[in-house]
Amino acid sequence: MTSRFSQLSLAVSNHFMDGNGSNGDYLEDAVSADMASQRRDFDTASTSSYANAVASTATVPTTMAYLPQTIVLCELRHAAFEASTPTGPSDSGLVSKWRPKDRMKTGCVALVLCLNISVDPPDVIKISPCARMECWIDPFSMAPQKALETIGKNLRDQYERWQPKARCKVELDPTVDEVKKLCNTCRRYAKSERVLFHYNGHGVPKPTANGEIWLFNKSYTQYIPLPISDLDSWLRTPSIYVFDCSAAGMIVNAFIELLDSGTSSYPGSARDCILLAACEAHETLPQSAEFPADVFTSCLTTPIKMALRWFCTRSLLHESLDCSLIDKIPGRQNDRKTLLGELNWIFTAVTDTIAWNVLPHELFRRLFRQDLLVASLFRNFLLAERIMRSANCSPVSYPMLPPTHQHHMWDAWDMAAEICLSQLPALVEDPNAEFQPSPFFTEQLTAFEVWLDHGSEHKKPPEQLPIVLQVLLSQCHRFRALVLLGRFLDMGPWAVDLALSVGIFPYVLKLLQTTTPELRQILVFIWTKILALDKSCQVDLVKDGGHVYFIRFLNSVEAYPEQRAMAAFVLAVIVDGHRRGQEACIEAGLIHVCLKHLHGSMQNDVQTEPLFLQWLCLCLGKLWEDFAEAQIIGLQADAPAICAPLLSEPQPEVRASAVFALATLLDIGFDSFRDGVGGDEECDDDEKTRAEIIVIIKSLLNIVSDGSPLVRAEVAVALARFAFGHKQHLKSIAAAYWKPQSNSLLSSWPSLANINGTGSGNIVSSQIGPLIRVGNDNSSVVRDGRVSTSSPLATAGVMHGSPLSDDSSQHSDSGILNDGISNGVIRHSRSKPLDNAMYSQCVPAMCTLAKDPSPRIATLGRRVLSIIGIEQVTKSVKSAGSSSARPGEPTTSSATPSFAGLARSSSWFDMNGGHLPLTFRTPPVSPPRQNFLTGMRRVCSLEFRPHLMNSPDSGLADPLLGSSSGVSERSLLPQSTIYNFSCGHFSKPLLTASDDSEELLAIREERERFALERIAKCQHSSVSKLNNNSEIASWDTRFETGTRTALLQPFSPIVIAADESERIRVWNYEEATLLNGFDNHDFPEKGISRLCLLNELDESLLLVASGDGNIRIWKDYTVRGKQKLITAFSSIQGHKPGVRSLSTVVDWQQQSGYLYASGEISSVMLWDLDKEQLINSIPSSSDCGVSALASSQVHAGQFAAGFVDGSVRLYDVRTPDMLVCATRPHTQQVERVVGIGFQPGLDQGKIVSASQAGDIQFLDIRNQRDTYLTIDAHRGSLTALAVHRHAPIIASGSAKQLIKVFSLEGEQLGIIRYQHTFMAQKIGSVSCLTFHPYQVLLAAGAADACVSIYADDNSQTR
């Protein structure tokens, strides 16, 4: 039972937050254990003995007794089961944008150097001393030709360091033809890869205003212009240009014009051209001798050397450090454990981070994640901007980047560079000296950690994300980086999306190849988070063999169960709808691993982590789904026998997942045979397979009436699959049920056209007794004057298009159309029949589902019935009011779309339910007008009947038959939702508590304080009179049938009342306003027998019990139109045959979380609402039914029952034989017990019981013999009894229009006969009485639909 703290605790422990994962006992366990021990101490004190039970008055037990700590039905599954179907991990949308659309490579590099050494171009006036170095060579230090070749070779080497595999071609001082040939060769070689064109124009004039660059003629006597458009037409796309010359911006401008005008050789949309230029159109390159002449090229190709030289002159070190040492930095660029490698690594991290934080993500991905060489050049371009801007030169790019030269991350780079440079002299002197790594990465991770403590989705994203990515490359920081990354991903889908778009994916994929044990838990967590957002990663994981990592983890005993549950989740996503993944996991033995752990968990007495069991089942189900080979392996490994025990697990999610796993095995019934796997020869495994399927069906039939709609929905889906595979056999069984009856039948489940049949009530068949009763045609009446039409079009919406239906219910099985046709027969003829007993148990179970109190499951149940040919036909009654509507026209009724009309064949619905527009005024086959009514009469009050396609009145047009054959029949089966629902758990934050928990705790504490104050007042104040003048409010509920039951809210002035036709109204009695009114369900029949509040100290829920034993629980019921049904189930199963009217009695006990329910049955059902499970059926040891039921509000597990024969029994579920004592207090006249209740206080076993004869008996179980006080309150016709929870006061009401109030000593405190109005009219016949839990307020409901509220004098003056 969850304590109220458990929702505040961590859903997933921080096991991996310390490296060895030793802190196993995490918050939730500690808190629950603590709560449980408190409760246990109290229970042992209280159950010591019934003979001399003296309640302890210690404060802790008292508050624990009066203020239960239990909370039920507030899990994720209750949020919106009826309303919506959650989706699993996404296939597209938000997520797929992070994937680089197409990784690119630069395959060819063309280097064009126009240096013409020793001849200066005419438009350049050089200063002295002047920048000379080209590629770190002084061209005047050797012969011009040799210098030119050396520079060319150096430039080539510098580019090859960035892209070793690219083919580099150099042209030195070329002519136009040579450049043309070079470009064409490069494009031919690169095919569709990118070509880089590098132009150094230091020996030629500036580019012209219309975008021409200069080359030479053969004899070097002239400069020849080359228009950029020609260059573009030779290189085509994709391409990247680097222009290192003065006024390079001219070329960029000309290029952009070229693109805009669309005259380039490629259409605009397909262009992929990137340009990097050394300066703006009006600028010349810096000539200062502190720079090389090709400073732009040096920044792009030798960034570390350039950055350090530039920094050295500006740093405090410049006096102590000789710049020539920079060329001697030890180490290799790609070895991060050396000085040069670390500098390069830090530089990469800093520039990546600046780009990530400044650029739009789309542009960042294109420039920094698509092509390795482009990414390097752009990182280095950011350095060029920083260095050249210091010389008043602004490099330009296309696409344009925002300015980055003043970004604060450059300070971090300067600091790291300074720390490295300060070690340089010592390292150069002594090559063996120890190199001290920079603190840069540690500091940046700390900054990221600080962000994690204070950041959120609505704040600026963390700058350090790209650095975290870089750090994953290093073993020493990797663990910490992964843990922080895990914390970040846990913040929500937005965080996962950010991390993926920064490029985290390839890194975490690669890490699955490591075997480091301490990384396993956090890697599994990170993958859980990624796959919860984006399912498409399943393909990459299987391609890289990543699934093996998770199977190994799943199988490792030392991992915690919650983390192994995550591994099972990852594997379930890998195999979800992905055949390659299914095959790979089967090869790796996943089925046997899962079954082994499920089997092991059943053997242990210790409770296995439910999340782990849930995901083992879902993982198996996804493996078996639509994959016959896997199903055969499962059946041969005894999977049904291993999964079946899970159907009684306490967690509904585990039960539903086990049903899902079993359901996916049911496919085998027709899949393998249909594909001819068995061929004609009989398989030996055939018998085994059939035996296993019988095991599955039997297990499923046991939980058709499970307490959780989540589970029943899965059972309905499973039975639909089974029905689909065994249609022929089920249809004949179903038909046999209905054949012998000649009269028309009307089933007991609510008529969809809101028609109440009153019939002779004899049972047609014992097997299907509860489902059918015989009625005669004219006995039906229309309720509420709602008129329904006869059009199947109007009716289709209810079954399929209604918003309550599960998302796939737009279709039902169209396969029933071709059953009579050879195609259908051939297809299913090989499906081996099971034994008939099995089928005959299935049909009633399917009918039970079709009558489910949860609308969504009833819809699923009706679809299952339609598969086996039982269709629904409902009556349409014409009344005077409907004469205007023609019989064929759809009209909408007042409350819900009526499911009316002569539905000739449900297959008609199945095909057209969701698709036919309502503009058709008549159904495709409209019955002839004159025999319309006779046709109606013929099937008038049938609700379910088998339909045979070849029966003469099937009335279906043939063309419709043909249209379905192309549709895959399988796709029309209802779809399971438990997998998608369960995935939602992992996309929520798992490491942190939800923010609203503190708010909830505050409300809770406030209410506890209020309650304790009021309880003390109730216990100690003497109750003064309650009489006619005590009335503080009177409310005409306007119920046509009078008020059946009422309830006062504990913490707000609200009264809730309900009537015979299951209408609920909520009223504020201080402001005298109606807050809300709604129908408990659409087809009311039995009236509401009881209203209870669940979780009254927290966000309360309204439990509504109908007379037929159906329980529905609502939240937000006080807000108009916002009420939500969070769960519904039938509390009474297997009532006595032949008994039609079920007057169910229920009571709720918050202390234990138990709901007790009974009625005209021989036992009391004990439901645990936390588990949503029937945990006991306590024999009432009496022949007659229970007529009143009350649970103790202070002693968990204790309840009293009053019987129709006037006897009273006290039970305690904690004692071995449950029954504590039985007594017959009502002796004068033996009439039914109308009301029963525990006396206020902590005394055990003090009971008040009232019988219909009018006597009220006070019992004390310590003297079991007889009653110690009798009040003859009314002469017969006592109808209601209320006992106050804390004040010494009881009230009784009579059908003779009066209410009497007594103290526990038997003194009459007042009598209420008249309403407190000017006319003082008499109150109606009293139908219900209820006290406020913490105040002396009495609400009385009467048969005249009036609800009055009375307060004693003390509370009125308060």
Side-chain angles (χ1 to χ4, degrees), residues 104-117 134-137 139 144-204 207 212-218 220 223-245 248 251 255 265-266 272-278 293-294 296-298 300-302 371-377 380:
M104 291 201 63
K105 213 160 82 214
T106 300
C108 209
V109 177
L111 307 174
V112 174
L113 298 170
C114 299
L115 293 176
N116 198 5
I117 298 173
E134 299 275 359
C135 293
W136 305 105
I137 287 174
Q145 190 52 35
K146 180 155 190 245
L148 186 61
E149 284 165 8
T150 315
I151 292 168
K153 181 180 174 303
N154 272 15
L155 183 61
R156 179 187 184 145
D157 293 347
Q158 284 168 357
Y159 268 111
E160 278 178 344
R161 191 176 307 132
W162 295 107
Q163 180 74 304
K165 295 208 176 89
R167 178 181 290 193
C168 280
K169 293 188 178 299
V170 189
E171 283 292 348
L172 306 171
D173 293 351
T175 62
V176 173
D177 287 344
E178 286 165 343
V179 170
K180 179 177 181 178
K181 189 174 160 206
L182 170 73
C183 291
N184 286 330
T185 312
C186 283
R187 174 45 68 205
R188 225 182 9 259
Y189 176 77
K191 298 192 180 77
S192 61
E193 293 178 344
R194 197 186 299 281
V195 175
L196 181 143
F197 181 85
H198 177 106
Y199 172 75
N200 175 329
H202 297 175
V204 290
E212 294 158 321
I213 53 173
W214 295 97
L215 302 166
F216 302 97
N217 64 356
K218 281 209 170 74
Y220 296 99
Y223 297 115
I224 309 289
L226 166 64
I228 190 79
S229 52
D230 289 3
L231 192 58
D232 174 60
S233 66
W234 301 332
L235 277 176
R236 299 203 293 280
T237 182
S239 51
I240 176 169
Y241 297 89
V242 178
F243 295 108
D244 186 352
C245 55
I251 309 170
F255 207 95
S265 57
Y266 259 64
D272 181 2
C273 286
I274 298 172
L275 282 79
L276 299 174
D294 63 348
F296 187 59
T297 301
S298 300
L300 291 183
T301 55
T302 52
D371 180 326
L372 285 175
L373 183 60
V374 172
S376 306
L377 288 176
N380 304 344

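- Residues Leu111 and Val109 share a closest heavy-atom pair of CD2-CG1, 3.5 Å.
- A heavy-atom distance below 4.5 Å is not found between the side chains of Trp214 and Leu226.
- Relative ring orientation between Phe216 and Tyr220 is described as tilted, the plane-to-plane angle lying within the 30° to 60° band.
- Residues Ala190 and Val195 share a closest heavy-atom pair of CB-CG2, 3.7 Å.
- Side-chain atoms of Arg187 come within 3.5 Å of backbone atoms of Leu235 as a donor-acceptor pair (strictly under, hydrogens ignored).
- Shown here for Glu212 and Pro227, the closest heavy-atom pair between the two residues is CG-CA, 3.8 Å.
- With hydrogens and angles disregarded, no donor-acceptor distance shorter than 3.5 Å links the side chain of Trp162 to the backbone of Leu377.
- Between Glu134 and Asn200, the closest side-chain pair of non-hydrogen atoms falls below 4.5 Å.
- At least one donor-acceptor pair closer than 3.5 Å links the side chain of Asn380 to the backbone N or O of Ser376.
- Contact check for Tyr223 versus Asn217: no side-chain heavy atoms found under the 4.5 Å cut-off.
- Of all heavy-atom pairs spanning Ala248 and Ala277, the tightest one is CB-CB, 3.6 Å.
- The structure places OG1 of Thr237 at 7.5 Å from CZ of Arg194, a figure rounded to the nearest 0.5 Å.
- Under the 4.5 Å side-chain criterion, counting only non-hydrogen atoms from C-beta, Thr185 is not in contact with Trp234.
- At a cut-off of 3.5 Å, with distance as the only test, a side-chain donor of His202 or Asp244 sits close to an acceptor on the other residue.
- Screening Asp173, Thr175, Val176, Asp177 for a side chain to side chain contact (heavy atoms under 4.5 Å, CB included) with Leu215, the sole residue that qualifies is Val176.
- Distance CG/Asp294 to CG/Asn154: 10.0 Å, rounded to 0.5 Å.
- A side-chain donor from one of Asp371 and Thr106 sits under 3.5 Å from a side-chain acceptor of the other.
- In this structure, the separation between CZ on Arg236 and OG on Ser192 is 11.5 Å, given to the nearest 0.5 Å.
- The shortest side-chain heavy-atom distance between Leu231 and Cys183 falls under the 4.5 Å cut-off.
- The distance from atom NZ of Lys191 to atom NZ of Lys105, rounded to the nearest 0.5 Å, is 10.0 Å.
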Set out, in order, the CA-CA distance, both residues' side-chain angles and the distance that settles side chain to side chain contact (heavy atoms under 4.5 Å, CB included) for Val170 and Leu155, then state yes or no. CA-CA 9 Å; Val170 189; Leu155 183 61; over 6 Å; no

Under the side chain to side chain contact (heavy atoms under 4.5 Å, CB included) rule, what do Val112 and Cys114 come out as? Steps first, then yes or no, please. CA-CA 7 Å; Val112 174; Cys114 299; 4.1 Å; yes

Could you go step by step and tell me if Phe243 and Phe296 meet the ring-ring contact (aromatic ring centres under 6.0 Å, His included) rule? CA-CA 9 Å; Phe243 295 108; Phe296 187 59; 9.8 Å; no

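- With hydrogens and angles ignored, the 3.5 Å screen pairs no side-chain donor or acceptor of Asp272 with any backbone N or O of Pro238.
- A salt bridge links Glu160 to Arg156: one of the charged nitrogens lies within less than 4.0 Å of a carboxylate oxygen.
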Taking it one step at a time, do Ile228 and Ile213 satisfy side chain to side chain contact (heavy atoms under 4.5 Å, CB included)? CA-CA 7 Å; Ile228 190 79; Ile213 53 173; 5.6 Å; no

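- Residue Gln158 holds its CD atom at 9.0 Å from NE2 of His198, rounded to the nearest 0.5 Å.
- Here the closest heavy-atom approach between residue Ala147 and residue Pro139 is recorded as CB-O, 3.4 Å.
- Side-chain contact check for Val179 versus Tyr199: every heavy-atom pair is 4.5 Å or farther apart.
- Ion pairing between Asp157 and Arg161 fails under the 4.0 Å rule for side-chain N and carboxylate O.
- A heavy-atom distance below 4.5 Å is not found between the side chains of Leu276 and Tyr241.
- Within the 4.5 Å cutoff, the side chain of Ile240 has no heavy atoms near those of the Phe197 side chain.
- Defined by atom type and a distance below 3.5 Å, a donor-acceptor pair is present between the side-chain atoms of Thr302 and Trp136.
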Would Leu172 and Glu149 count as a side chain to side chain contact (heavy atoms under 4.5 Å, CB included) if you check the C-alpha gap in whole Å, the side-chain angles of each, and the deciding distance to 0.1 Å? CA-CA 8 Å; Leu172 306 171; Glu149 284 165 8; 3.9 Å; yes

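- Counting all heavy atoms, side chain and backbone alike, Gly152 lies closest to Leu113 at CA-CD1, 3.5 Å.
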